[in-house]
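Since the structure comes first, as structure tokens, the remarks are kept for the end.
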Number of protein chains: 2
Amino acid sequence: MTAPAKPTYDDVLRIPAPPGRGAAAGRPLRIEEVAERAGVAPITVSRVLRHPEKVNRETRDRILEVIEATGYASNPHARALRSGRSNVVVAFVSNILSQQFGLAVRSFAATLEPEGFEVLVGQTSYSYAKEVAMIQSLRGIRPAAVMFTGVIELHENRAALAELGIPVIETWAFPRDPIDMLVGLSNTDAGAMAARRLADAGHRRVAFIGRSSGRGALRRDGFRAAAAELGLDVVHEIGVGEITGLVDGRAAFTALLDRGGRIDAVFCANDLLATGALIEARSRGLTVPRDLAVLGFGDNDVADQITPGLTTITFDSAAIGRIAGELLLARLSDTPSAEPRRAVELALVERGSV
Amino acid sequence: MTAPAKPTYDDVLRIPAPPGRGAAAGRPLRIEEVAERAGVAPITVSRVLRHPEKVNRETRDRILEVIEATGYASNPHARALRSGRSNVVVAFVSNILSQQFGLAVRSFAATLEPEGFEVLVGQTSYSYAKEVAMIQSLRGIRPAAVMFTGVIELHENRAALAELGIPVIETWAFPRDPIDMLVGLSNTDAGAMAARRLADAGHRRVAFIGRSSGRGALRRDGFRAAAAELGLDVVHEIGVGEITGLVDGRAAFTALLDRGGRIDAVFCANDLLATGALIEARSRGLTVPRDLAVLGFGDNDVADQITPGLTTITFDSAAIGRIAGELLLARLSDTPSAEPRRAVELALVERGSV
DNA sequence: TTGTAGGCGTTATCAG
DNA sequence: CTGATAACGCCTACAA
């Protein structure tokens, strides 16, 4: 699927340059040249950039003017080499295509970039092996900090991360013992919330669909425990492997029906599964929620576009990124936050599928 | 939406460390220490890492053993500072949440990472101002190359990029005059393909919904030109601004109906718009495609999950990233590809909405 | 095939 | 408040 016969050229709009304002020169400036122009020593320029308050106002203004005029940008490699600190922060995402993770990483980056950090995004693909490799590669990158959209389960990786000696932020769950900093949500509570909602709607015979490891398992456990307390009967639990699309939800729902027995409602550990289940249920002639209620988790983009809309448990994933960024800035500025373990709230979004 | 009352702890699975295999040490090793252990000079270790073929086999094996045992990773800042080349490649995405861009960036990174490059993802948000700022920041980052999921329209930015003196890859369109390398698709052809498909289905009075700048405009122009040739009547063209979700497609479709006049079919410049339009059409009691045909572009995740499935024009976005990575590797290895301007093919996916 | 000398651009340290 | 000096860790150039 590469070279076609003969593609037509696109007549792409070209916006001309405004008069004046020459483009920046080819070879990057060194701090020395800026210093020369401003009539100071290089170190003074350096100070203006890192600790402006320690430089005389007039000197500073003069230097800033030169910096502005020349478009000088310091060489991050030289800076990192000499100072031992890099301005790169690595965010590891278990699935780069996820809306939720994307929102979190986006707000994480938006919080850090104004402070001069570059956020580099890596992907771990829900795989321990990949995680090991990525953490190894951190020894090379030497970032200022790392953030994960998840928590690290493998002991070896936890130890390796701790020994990097840089801030580590875990997210998306609320473990007792984070490696370092944490911005999470209680998946256990999410499961319990699901059970409570289904019980409130009068459903008695319920089922669970979700991954049987990681956060899916945590939601399942919370669901299971709360269901028991509420007198619900968890008829079946369908475990799924890697989730790649709605199709997995359809398959899981089919597997659920194949197991037999009456079911009033199903809690799916994420909205992709729930949407797939809902579509499959409808295509089998079931009316949702009359014949079967479906409850999701995560409030994906599709959740409110199907009929009936998917009732789901949600939280502010952008806030996770933002708070993670703020915790990190606090830590790096030597005024660390009192509580480096934050939780975001869960909320129910009612849309009619329960 | 932050600190809740009292979240329950998640009992996250902890996988214990396998016996043996100590974790890596805290402070990073220097090349000097590796050299010492292997009984050679630092430069020899350096050579093993960069030009292994230039080192005696035995010496090399001995050094590799030490590297393996110690987990040595060279300091990228020192390396970049001295050699003047960084292993960072920056990929700018106009929308970090887009499936298509995500796939492209993912395969771009997958192609480059085995060769020792780190791919850093930035976002330009379809905004010229943002683009200027990001390109400025490149002067600081000094990456080995830059890739964009799009083409650069602003003359000033084109000049600034060219002057960075690094490989630049543009994608997603097929302009006559790329800055440097190009892996694109002809949006003009896509528009023409849409017109031809609608004409084939017997539709005569057609409409267009899409952005009136960038690639949307290119598809519109191709559509418009081919429609004229085919004797179709382009009754209305609805321009939309930034596209944030299905809701924009619904709104545009409503605007289209408000303009009045009979319409047989509508071509939407992307699937998000098309899906929104299709949902809105159905909610107004129209039967697709009997009362109105809808044709999309991009083959989004949702396109095959609605009823009827969305007929759309697609291409292999992962291939764009892969080819971009290959072109770049070729260029950086001093055996540049003969043709640094590649096109990917378009294909129609028939699903029933036309 | 291996090694020696020196510097990439910046900032920590200490002195003025 | 400002400056001189040296070093961060690696790799280019040249020499053996």
Side-chain angles (χ1 to χ4, degrees), chain A residues 25-64 66-67 70-88 116 139-144 165 334, chain B residues 25 27-64 66-67 70-88 116 139-144 165 332 334:
Chain A
R27 193 175 135 293
L29 253 58
R30 281 166 306 141
I31 203 170
E32 193 182 353
E33 312 182 47
V34 174
E36 211 166 301
R37 290 205 198 199
V40 295
I43 186 66
T44 307
V45 177
S46 171
R47 263 195 284 260
V48 165
L49 292 170
R50 306 201 359 83
H51 307 289
E53 74 287 355
K54 291 189 178 174
V55 175
N56 181 311
R57 200 200 154 82
E58 284 174 28
T59 318
R60 185 175 62 208
D61 287 349
R62 189 152 34 94
I63 293 172
L64 285 175
V66 176
I67 289 176
T70 56
Y72 168 76
S74 78
N75 182 320
H77 303 301
R79 175 190 292 238
L81 177 59
R82 176 62 248 215
S83 71
R85 49 184 83 183
S86 133
N87 68 336
V88 168
R139 291 180 55 78
I141 301 171
R142 289 156 218 235
D334 300 320
Chain B
R27 192 176 139 291
L29 253 56
R30 282 166 305 142
I31 203 171
E32 194 183 352
E33 313 182 44
V34 174
E36 211 166 303
R37 290 205 200 201
V40 294
I43 187 64
T44 309
V45 178
S46 172
R47 266 195 280 259
V48 165
L49 293 171
R50 305 200 1 83
H51 308 289
E53 75 286 355
K54 290 190 179 175
V55 175
N56 181 312
R57 199 198 156 82
E58 284 173 29
T59 318
R60 185 175 60 207
D61 288 349
R62 190 152 34 95
I63 293 171
L64 286 175
V66 175
I67 289 176
T70 55
Y72 168 76
S74 78
N75 182 321
H77 303 300
R79 173 190 294 236
L81 178 58
R82 176 61 246 220
S83 70
R85 48 184 82 186
S86 133
N87 68 336
V88 169
R139 289 178 57 77
I141 299 172
R142 288 154 218 235
L332 293 176
D334 300 319

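Below, chain A is the first sequence line, B the second, and so on; all start at residue 1. All values below come from the heavy atoms of this structure, side chains included, with hydrogens, waters and symmetry mates left out.
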> How many Å lie between CD1 on B/Ile67 and P on D/dG9, as a whole number?
Replying inline: 17 Å
> For every nucleotide of nucleotides 11-16 of chain C, 5' to 3': is a protein heavy atom under 4.0 Å from its base (B), only from its sugar-phosphate (S), or from neither (-)?
Replying inline: BB----
>> Expressed as a whole number of angstroms, how long is the span from B/Arg30:CZ to D/dC10:C1'?
In response: 11 Å
> How far does CZ of B/Arg60 sit from NE2 of B/His51, to the nearest 0.5 angstrom?
Replying inline: 13.5 Å
> To the nearest Å, how far apart are A/Arg57 CZ and D/dT2 C1'?
Replying inline: 19 Å
> Out of A/Asp61, A/Ile63, A/Val66, which one pairs with A/Val48 under the side chain to side chain contact (heavy atoms under 4.5 Å, CB included) rule?
Replying inline: A/Ile63
> Counting heavy atoms not belonging to A/Arg37, are there more than 12 under 6.0 Å from its CZ?
Replying inline: no
> Just how far, in rounded Å, is C1' of C/dC8 from CG of A/Asn75?
Replying inline: 8 Å
>> Whether A/Thr59 contacts D/dT2 is assessed here as follows: a side-chain N or O lying under 4.0 Å from the phosphate OP1 or OP2. Is that the case?
In response: yes
> Can A/Val40 and A/Arg62 be said to form a side chain to side chain contact (heavy atoms under 4.5 Å, CB included), step by step?
Replying inline: CA-CA 10 Å; A/Val40 295; A/Arg62 189 152 34 94; 4.2 Å; yes
>> Using whole Å, what does the distance between atom P of nucleotide D/dC10 and atom CG of B/Leu29 come to?
In response: 9 Å
>> For B/Arg60 and A/Glu32, find the nucleotide of DNA chain C closest to each by heavy atoms; which residue's nucleotide sits nearer the 5' end?
In response: B/Arg60
>> With a 4.0 Å cutoff (strictly under), does any side-chain N or O of B/Thr44 reach OP1 or OP2 of C/dT2?
In response: no
>> What's the separation between atom CZ in B/Arg82 and atom CG in A/Leu81, rounded to the nearest 0.5 Å?
In response: 12.5 Å
> Taking atom CG of B/Leu49 and atom CG of B/Leu64, what is their separation to the nearest 0.5 Å?
Replying inline: 7.5 Å
> To the nearest Å, how far apart are B/Asn87 CG and D/dC10 C1'?
Replying inline: 13 Å
